[in-house]
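Notes to accompany the following structure.
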Amino acid sequence: MNGKHLIKLGFEKEAVGLALKAATAREGAGLARADILHELGAVQAAPQDYAGGGVYALLAQMLLAQAAAQQVRAASALRAVPLPYAVWGADLIEPGARAQMDVAMRLPVSRAGAMMPDAHVGYGLPIGGVLAAENAVIPYGVGVDIGCSMMLSVLPMLPGALKVAEASGLLLRHTRFGAGVGFEKRDRQDHAVLHEPTWEEQPLLRHLYDKAVNQIGTSGSGNHFVEFGTLSLAQPDPELGLEAGEYLAVLSHSGSRGFGAQVAGHFTALAGRLHPGIDKVAQKLAWLPLDGEEGQAYWQAMNLAGRYALANHDLIHARLARALGVSPLAQASNSHNLAWKEVVDGQELIVHRKGATPAAKGQLGLIPGSMADPGYLVRGRGHAPALASASHGAGRQLGRRAAQNALSKKDVQAYLEGRGVTLIGGGIDEAPQAYKRIEEVIARQTDLVDVLAEFRPHVVRMDTGSEDV
DNA sequence: ATGTCC
């Protein structure tokens, strides 16, 4: 008896050695080779009957482990062909982003998808990708900045009532930007989200609580901003309680800061470990079953990060309104990096929007342009083929590196001057020229949202980029 | 997006 006989019998890898060891023991006990091969065949057919003890126990246990691993691999196997999905503004989307969406639509858990006109390449799911999955949540389908969101406050003031110098002073005093940045202890503000019992329900959340307390009410870096500008409402909107006209308004873009980033990192790694056999092209799309412990933990942490991000906006807007001595006439907000349980074609699915604005029928949303381009207050049309979604902005047309190589401070300053925008902070990588034309992106999604109002930025604060403007 | 590995 040797390994060749056993491989011929169908044993693989570690099972070959264990089968040989058992066979040798049986030969020693005086059994004929034919009888031993017969016994080995029986172990192979029903390893669960032999795993409890005896000369074949180790072999049987190995066979059971191998079968389980095979099952895990099979459960991770991709479809040969992506499910179909609709694309808005295909002429504005680079092939790399489409390729990423194609991979996402090959996941065995995927059921439906759509691509928004601001789409561009990201980690795993492209930014601007919408993906509906069955009983599965994909950490990289939500993204690193869990709960990244927009908020608008319409103030009872005329746009001209706030001078540039005053607006700059308010932004400098009442907002905080930069990686790792929090409010000074004496300036920290409290918020209901910090008193939720959820923080006590996972060691990870307990661990991140102090950081969350430290950073609440702040804005982070990259494309995050707080700005004063003019909101122009063409028609009166009874639901918003606003007459047609021009208003001073505050628009902010912020996320869940270091807290959300660490939640994302933790669960992305966990999802990867759950899918050791997943095809390499889909490695960053590893998912967590929502009916499992890990999936439930992510769902809880993700939703807390979503509420925390909105709390950041709440405090930003409350500080500025208070400093101006006014109460907002109206507010709107939306998350654009999150997953929701929604009914799609009669089935409850997990709809991931990674850089996509929820646009259910009647739902308000905010779609910003760039530091110097208009943003839009929109109302969703609930278009089913788009999974009731819209773009979350203009979308990059130049990567950060490409923007820094292609553009100069002069280019950005000329653009700002041309539109009467004052910028505090900001980097070349966030230059308006690095973004698609928001007007074009909006024009590609007239079936997804109705535009209610245009917001033109006047005084903008962002983090200091790696290369300042 | 985040002090870019708890």
Side-chain angles (χ1 to χ4, degrees), chain A residues 100 118-129 138-151 175-184 199 202-226 252-273 284 297-298 301-302 304-306 308-313 316 334-339 352-357 368 370-371 392-396 398-401 403-404 425-430 434-435 461-466:
Chain A
Q100 286 189 313
D118 60 339
H120 56 98
V121 170
Y123 288 116
L125 194 66
I127 318 294
I138 304 163
Y140 262 137
V142 170
V144 174
D145 190 5
I146 299 174
C148 187
S149 41
M150 299 294 305
M151 186 178 275
T175 68
R176 292 292 181 278
F177 283 80
V181 168
F183 264 100
E184 307 75 0
W199 296 98
Q202 291 182 42
L204 177 70
L205 300 180
R206 269 197 295 279
H207 170 71
L208 295 171
Y209 183 72
D210 287 348
K211 182 189 279 286
V213 169
N214 217 313
Q215 298 190 321
I216 198 159
T218 65
S219 299
S221 61
N223 56 11
H224 287 175
F225 62 77
V226 182
S252 59
H253 181 207
S254 185
S256 53
R257 310 289 285 103
F259 161 51
Q262 296 219 5
V263 169
H266 174 86
F267 285 100
T268 296
L270 190 56
R273 289 199 295 274
K284 286 195 163 67
Y298 177 75
M302 178 199 79
L304 180 61
Y308 177 81
L310 289 175
N312 286 330
H313 289 278
I316 291 164
N334 69 269
S335 307
H336 52 222
N337 285 7
L338 211 64
H352 303 74
R353 292 190 181 85
K354 185 187 191 183
T357 303
S370 80
M371 57 165 71
H392 83 309
R396 281 190 169 276
L398 293 178
R400 293 184 181 282
R401 184 76 58 83
Q404 271 160 2
I428 304 285
D429 51 352
E430 287 299 326
Y435 284 86
R461 186 175 183 194
M462 303 184 80
D463 185 30
T464 305
S466 49

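Quick note on labels: first sequence line is chain A, next is B, and so on, each numbered from 1. All values below come from the heavy atoms of this structure, side chains included, with hydrogens, waters and symmetry mates left out. Not measured: the values here are computed from a predicted model.
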Solution key, residues 259-272 of chain A side-chain donor-acceptor pairs under 3.5 Å, sequence neighbours excluded:
residue  : atom : partner  : partner atom : Å
A:Thr268 : OG1  : A:Ala264 : O            : 2.7

**Request:** Indicate whether the side chain of A:His253 and that of A:His392 have a donor and an acceptor atom separated by less than 3.5 Å.
**Result:** no
Output side-chain donor-acceptor pairs under 3.5 Å for residues 138-148 of chain A, partner residues at least two apart or in another chain, one line each.
residue  : atom : partner  : partner atom : Å
A:Asp145 : OD1  : A:Ser256 : N            : 2.9
A:Asp145 : OD1  : A:Ser256 : OG           : 3.4
A:Asp145 : OD2  : A:His224 : NE2          : 3.2

**Asked** Is A:Ser256 touching bases, backbone alone, or none of the nucleic acid, heavy atoms closer than 4.0 Å?
**Response** nothing
**Prompt:** Once you round it to whole Å, what is the distance between P of B:dC6 and CZ of A:Arg206?
**Reply:** 18 Å
**Message:** In this structure, how many angstroms lie between the C1' atom of B:dC6 and the CG atom of A:Leu270, rounded?
**Reply:** 15 Å
**Prompt:** Closer than 4.0 Å, any side-chain N/O of A:Lys211 to the OP1 or OP2 of B:dC6?
**Reply:** no
**Request:** For A:Arg400 and B:dT4, give me the distance from atom CZ to atom C1', rounded to whole Å.
**Result:** 13 Å
**Prompt:** Hey, which of these two, A:Gly222 or A:His207, hits DNA chain B nearer its 5' end, going by closest nucleotide?
**Reply:** A:Gly222
**Item:** Sorted by number, the residues of residues 257-269 of chain A with heavy-atom contact under 4.0 Å to DNA chain B
**Value:** A:Arg257, A:Gly258, A:Ala261
**Rounded interatomic separation in angstrom, taking CG from A:Asn214 and P from B:dG3** = 10 Å
**Message:** Categorize A:Gly220 for me: base, sugar-phosphate, or nothing, with a 4.0 angstrom heavy-atom threshold over every strand shown.
**Reply:** sugar-phosphate
**Message:** To the nearest 0.5 Å, what is the distance between OH on A:Tyr308 and OG on A:Ser149?
**Reply:** 11.5 Å
**Whole-Å distance separating the CG atom of A:Leu208 from the C1' atom of B:dT2** = 12 Å
**Asked** So do the side chains of A:Arg396 and A:Tyr435 get within less than 4.5 Å of each other, counting heavy atoms only?
**Response** yes
**Asked** What are the two closest non-hydrogen atoms of A:Arg176 and A:Val181, and how far apart are they?
**Response** CB-CG1, 3.9 Å
